[in-house]
Amino acid sequence: MTSFNDLGLAEPLLRALDREGYAHPTPIQFRSIPALREGRDLVGIAQTGTGKTAAFVLPILERLLDAKAAVPSRCASVLILAPTRELVGQINDQVQAYGRFVRFHSTTVIGGAAARPQIRALQSGLDVLVATPGRLLDHLGSGALRLDKTTTVVLDEADQMLDLGFLPAIRQVMRALPVERQTILFSATMPKQIRALADDFMTDPVEVSVTPAARPADLVEQSVLPVPASEKRAKLASLLAKREVSRAIVFTRTKRGADRVCRHLEGAGLRAAAIHGNKSQNQRERTLAAFKDGRVTILVATDIAARGIDIDGVSHVFNYELPNVPEAYVHRIGRTARAGASGTAVSLMDPEERGLLRDIEKLIGQTLLDDGQSYQDRKSGTAKPRKPQQRRRSRPQSQGSKPQGQAPRKVESDEAGLARLLAKPQKPRRQRRRRPPTRDAA
């Protein structure tokens, strides 16, 4: 089995990996690190929880070992962009862990935090800057940051970073970077239209795909429970109360929905906390810390947490509501079954969400709810058509209950009724006699 030593990494990095307990590279690391050490642009696609962060951080740190010139004031040698504050913090933690025996300076730039300490950190020049796009543009606009000396840029979770919401900001950042640079994109999913946009920012990129795009982790046991929306909260509370649920993340579509679900779970005696974009940075950090140390066992979150939480030991993921974007499902369930462990993902599906489920099944290429038609049958068009259910028209009943013993009303089919009407002799239509107009009395 290949070891990190076989990849030719520098000794300080090997010592740090050994300290972290990592001896063998994952497939995405094994295939990406050699190309990145050569300075190539790269698009990396792999499942969540497979070590994508180390795949780009290790070559970056190795390059910093050889750097001799100091970074100018208000500049950053390496820029790493991520879509959420939590993911920025997580990446920076891993940069510090893998670079514990390397001399370098790094910091984070995120919204929701005080700008002045960030400006002071930028003033001295940085080897590694990890940031969200919005706050980064604020510092670029104010002159607190320059990117003309940046040699490497990384877009983590690139499919979301290049989505329509982030694309204008990404284009502004890219225009501020030198033309001669190394550009690295990593993600668990890479739709074709997003891949085409990525080509605008890269030069002859190497593409490394170790698993089919958007395929969920193989160790996640997935299931779908049809539950009406009015019964979801009660059903969720009963599922979370089971003994095998040791640590769980519950995903909702909206911030208000997350707060409502959290209050219901707390009312049921469960230790739950909510995290979403309306929470302050301090609140989000405290909530994550409580979830990590076990003071809170249930985290209720919007999709902001699907790509920003890397916590081992999450036994279950519950989709209280299915996501509107099918790719988000892959990232949600990727919060469990991390670091080689197994996990369980349960989705509560209201009948009105069936279309969302079909989109998810199409994306991942497998059937999650057995309704008599497999995904492959639906894809090939060989599935048997379902029988349409006949709907009875109910007559409005008068007050009071139906008399006992009354025979049920006979309902005939449309075809039988039409035949009966045609067979019945038609009576000639009676013509109405017109009355002569009356005259008014004199």
Side-chain angles (χ1 to χ4, degrees), residues 20-22 26 47-51 53 84 86-87 89-90 93-94 97 188 216-225 227 231-253 257-276 279 283-323 328-349 360 364 368:
E20 294 295 312
Y22 300 134
T26 63
Q47 297 173 0
T48 57
T50 55
T53 305
T84 67
E86 284 73 24
L87 190 52
Q90 173 188 309
D93 289 344
Q94 294 191 44
D218 297 328
L219 296 176
V220 180
E221 181 184 349
Q222 303 169 71
S223 62
V224 176
L225 299 179
V227 181
E231 301 174 14
K232 279 190 177 185
R233 292 185 200 173
K235 182 65 175 178
L236 177 65
S238 67
L239 292 171
L240 287 167
K242 292 184 177 181
R243 184 175 300 176
E244 59 267 24
V245 182
S246 58
R247 181 180 287 173
I249 301 178
V250 178
F251 284 104
T252 64
R253 282 199 212 107
D259 287 333
R260 285 195 295 265
V261 170
C262 184
R263 287 194 296 268
H264 179 82
L265 296 178
E266 288 177 323
L270 299 169
R271 291 181 293 166
I275 181 171
H276 52 68
K279 302 284 186 180
Q283 287 176 316
R284 288 157 70 162
E285 289 175 359
R286 286 197 302 267
T287 299
L288 281 178
F291 187 59
K292 286 180 180 179
D293 63 27
R295 285 176 289 138
V296 168
T297 57
I298 301 164
L299 190 66
V300 187
T302 55
D303 282 321
I304 192 172
R307 300 169 184 248
I309 295 179
D310 184 11
I311 298 175
D312 294 338
V314 175
S315 63
H316 289 70
V317 166
F318 291 91
N319 289 305
Y320 180 77
E321 295 160 316
L322 293 178
Y329 174 84
V330 179
H331 294 283
R332 286 182 178 189
I333 70 170
R335 299 310 101 194
T336 185
R338 301 184 76 83
S342 60
T344 302
V346 180
S347 299
L348 307 183
M349 185 197 73
I360 292 168
I364 66 176
L368 299 177

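Of all non-hydrogen atoms in Arg284 and Lys279, the two that sit nearest each other are CD-O, 3.4 Å. Annotation for Ala274 and Cys262: closest pair N-SG, 3.7 Å, computed over non-hydrogen atoms. Closest of all the heavy-atom pairs between Leu265 and Ala272 is CB-CB, 4.0 Å. What you find for His316 and Thr336 is that their closest heavy atoms are N-OG1, 4.2 Å.
For Glu266, there are no salt bridge (charged side-chain N to carboxylate O under 4.0 Å, His left out) partners at least two apart in sequence or on another chain. Glu231 meets the side-chain hydrogen bond (donor to acceptor under 3.5 Å, both in side chains) test with no other residue; sequence neighbours excluded.
Note that CZ of Arg233 is 7.0 Å distant from NE2 of His264, once rounded to the nearest 0.5 Å. Once rounded to the nearest 0.5 Å, the distance linking CD1 of Ile364 with CD of Gln222 reads 5.0 Å. If you take CD on Gln90 and CD1 on Ile311, they are separated by 9.0 Å, rounding to the nearest 0.5 Å. Rounded to the nearest 0.5 Å, atoms CD1 (Ile298) and CZ (Phe318) are 8.5 Å apart. Distance CG/Asn319 to CD1/Ile249: 11.0 Å, rounded to 0.5 Å. Atoms CD1 and OG1, on Ile333 and Thr344 in that order, are 11.0 Å from each other to the nearest 0.5 Å.
At a threshold of 4.5 Å between non-hydrogen side-chain atoms, the residues Pro323 and Asp303 count as touching.
One N or O on the side chain of Lys232 and one on the backbone of Tyr320 form a donor-acceptor pair closer than 3.5 Å. Proximity of a side-chain donor or acceptor of Arg295 to a complementary backbone N or O of Phe291 within less than 3.5 Å is not detected. Formation of a donor-acceptor pair under 3.5 Å by the Arg332 side chain with backbone atoms of Leu322 is not found in this model. A donor-acceptor contact shorter than 3.5 Å is absent between the side chain of Arg247 and the backbone of Leu299.
Screening Thr302, Asp259, Thr252 for a side chain to side chain donor-acceptor pair (under 3.5 Å) with His276, the sole residue that qualifies is Asp259.
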Pairs under 3.5 angstrom only: tabulate donor-acceptor contacts from the side chains of residues 235-246 to other protein residues two or more places apart or in another chain.
unit_1, atom_1, unit_2, atom_2, d
Ser238, OG, Lys235, O, 2.7
Ser246, OG, Ser315, OG, 3.3

